[in-house]
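Since we're looking at a predicted model, the values are computed, not measured.
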Amino acid sequence: MRKAIWILAVAVVTASCSGHGSMTSGVVPSMSSSSASAMTAGTGTEASHMTSAIAAPSGWVTTGTLPLALGGAASLGALAPSQTLTIRVGLQLNNASQLKSLIASGQTISNATFMATYAPTAAQVSQVQSYLQSKGLTNIAVEPNNLVVSATGTASQVETAFNTKLQSFAFAGHTIYANTTAAFVPTSLSGIVVAVLGLNNAQVASVSPHKGTPEAKPQP
């Protein structure tokens, strides 16, 4: 495992050690760029504190995925139940404290060791896959490092699977959607699922590039 992987893995380990905190922009072995960018959030400690204040319904446990606050957004009502979404379920590292100590000491390990000792196990991945299938989600895929399981489903299926609510908004000249309540998973997945990603597309409401007069060319 090379230096860059270790630097980026620190954030994932920190989030994992904080309970069910959100993963911060971290990359571990074999993660695709799409999954890595999707895992951008607050620090694990901040998310852990906020999550602890949310009471999970009976039969469910909290994840690091909190309601998305959109200041200045106008509600357009519930998201169309038939709208298709792609979600990514972030899984908890195993032996996270031990891995955090290794990173802090500057030690390196092979990808094989990471998979055998720290990555989510095949059994844990299978539990998540089975749950998603039971809720009607399809196109289920697993990242090579077992840290992310992605799937496709309708808004209605996603809401049911994670006991959350999705709503449409008019925001910054765009129509977007976001989860207005936290995302939960069944108690059977407690300690396995860290976060549910893809419950909003707020990134489409990016600021338009500034258009101004071109700068003068430098003189020789």
Quiz prompt | Results of side-chain hydrogen bond (donor to acceptor under 3.5 Å, both in side chains) for Ser168 - residues two or more places apart only | solution = none
Quiz item: With side chains defined as the heavy atoms from C-beta onward, is the minimum distance between Leu91 and Val148 less than 4.5 Å?
Solution: no
Report, one line per pair, each donor and acceptor closer than 3.5 Å where one atom sits in a side chain of residues 151-159; sequence neighbours left out.
{"residue": "Thr154", "atom": "OG1", "partner": "Gln157", "partner atom": "N", "Å": "3.1"}
{"residue": "Thr154", "atom": "OG1", "partner": "Gln157", "partner atom": "OE1", "Å": "3.4"}
{"residue": "Gln157", "atom": "OE1", "partner": "Thr154", "partner atom": "N", "Å": "2.9"}
{"residue": "Gln157", "atom": "NE2", "partner": "Gly136", "partner atom": "O", "Å": "3.4"}
{"residue": "Glu159", "atom": "OE2", "partner": "Leu166", "partner atom": "N", "Å": "2.8"}

Exercise. Among Val193, Ile54, Leu197, find the residue that satisfies the side-chain contact (heavy atoms from CB on, under 4.5 Å) test when tested with Thr63.
Key: Val193
Self-check item: Residues that Ser75 engages under side-chain hydrogen bond (donor to acceptor under 3.5 Å, both in side chains), provided they are two or more places apart
Solution: Gln167
Practice problem: Could you walk me through whether Leu85 and Tyr177 pass the side-chain contact (heavy atoms from CB on, under 4.5 Å) test, one step at a time? | Solution: CA-CA 10 Å; Leu85 305 179; Tyr177 60 84; 3.3 Å; yes
Quiz item: With no hydrogens and no angle check, is any side-chain donor or acceptor of Ser150 less than 3.5 Å from a backbone partner on Arg88?
Solution: no
Self-check item: Contacts of type side-chain hydrogen bond (donor to acceptor under 3.5 Å, both in side chains), residue Asn94, not counting sequence neighbours
Solution: Gln124
Self-check item: Asn163 versus Thr181, closest heavy-atom pair with distance
Solution: O-OG1, 4.3 Å
Quiz prompt | Gln129 side, atom CD; Ser134 side, atom OG - distance, nearest 0.5 Å | solution = 12.0 Å
Quiz item: Side chain of Ser101, backbone of Ser97: donor and acceptor closer than 3.5 Å?
Solution: yes
Quiz prompt | Residues Ile87, Phe162; criterion side-chain contact (heavy atoms from CB on, under 4.5 Å); working and verdict | solution = CA-CA 11 Å; Ile87 56 93; Phe162 303 108; 4.1 Å; yes
Self-check item: Reported CG-to-CD1 distance for the pair Leu99 and Ile109, which is rounded to 0.5 angstrom
Solution: 6.0 Å
Quiz item: By side-chain hydrogen bond (donor to acceptor under 3.5 Å, both in side chains), which residues pair with Ser105, not counting sequence neighbours?
Solution: Gln107
Self-check item: Side chains of Asn201 and Val204 in contact at under 4.5 Å (non-hydrogen atoms)
Solution: yes
Quiz item: Are the side chain of Ser126 and the backbone of Ala122 linked by a donor-acceptor contact shorter than 3.5 Å?
Solution: no
Self-check item: Nearest-0.5 Å distance that lies between atom CD1 in Ile192 and atom CD in Gln127
Solution: 4.0 Å
Quiz item: Looking at OG1 of Thr164 and CG of Asn179, how far apart are the two atoms once the value is rounded to the nearest 0.5 Å?
Solution: 4.5 Å
Self-check item: Criterion side-chain contact (heavy atoms from CB on, under 4.5 Å) on Phe184 and Thr62, from CA distance to verdict
Solution: CA-CA 5 Å; Phe184 302 93; Thr62 57; 3.7 Å; yes
Quiz item: Does a side-chain heavy-atom distance below 4.5 Å link Ser188 with Tyr131?
Solution: no
Self-check item: Shortest non-hydrogen contact from Ala178 toward Asn200
Solution: CA-CB, 3.6 Å
Quiz item: Is any side-chain heavy atom of Asn146 closer than 4.5 Å to a side-chain heavy atom of Val142?
Solution: yes
Exercise. Determine whether Phe171 and Ile176 make a side-chain contact, defined as any pair of heavy atoms from C-beta on separated by less than 4.5 Å.
Key: yes
List the atom pairs, donor and acceptor, that lie under 3.5 Å between side-chain atoms in residues 112-119 and the rest of the protein, sequence neighbours left out.
{"residue": "Thr113", "atom": "OG1", "partner": "Ser110", "partner atom": "OG", "Å": "3.0"}
{"residue": "Thr117", "atom": "OG1", "partner": "Thr113", "partner atom": "O", "Å": "3.2"}
{"residue": "Tyr118", "atom": "OH", "partner": "Gln98", "partner atom": "NE2", "Å": "3.1"}

Exercise. Begin from the C-alpha positions of Thr180 and Lys165 and carry the test side-chain contact (heavy atoms from CB on, under 4.5 Å) through to its verdict.
Key: CA-CA 6 Å; Thr180 57; Lys165 294 295 181 184; 3.6 Å; yes
Quiz item: Ala73 and Phe169: which non-hydrogen atoms are nearest, and at how many Å?
Solution: CB-CD2, 3.9 Å
Self-check item: Note, Leu132 side chain near Val149 side chain (heavy atom, < 4.5 Å)
Solution: yes
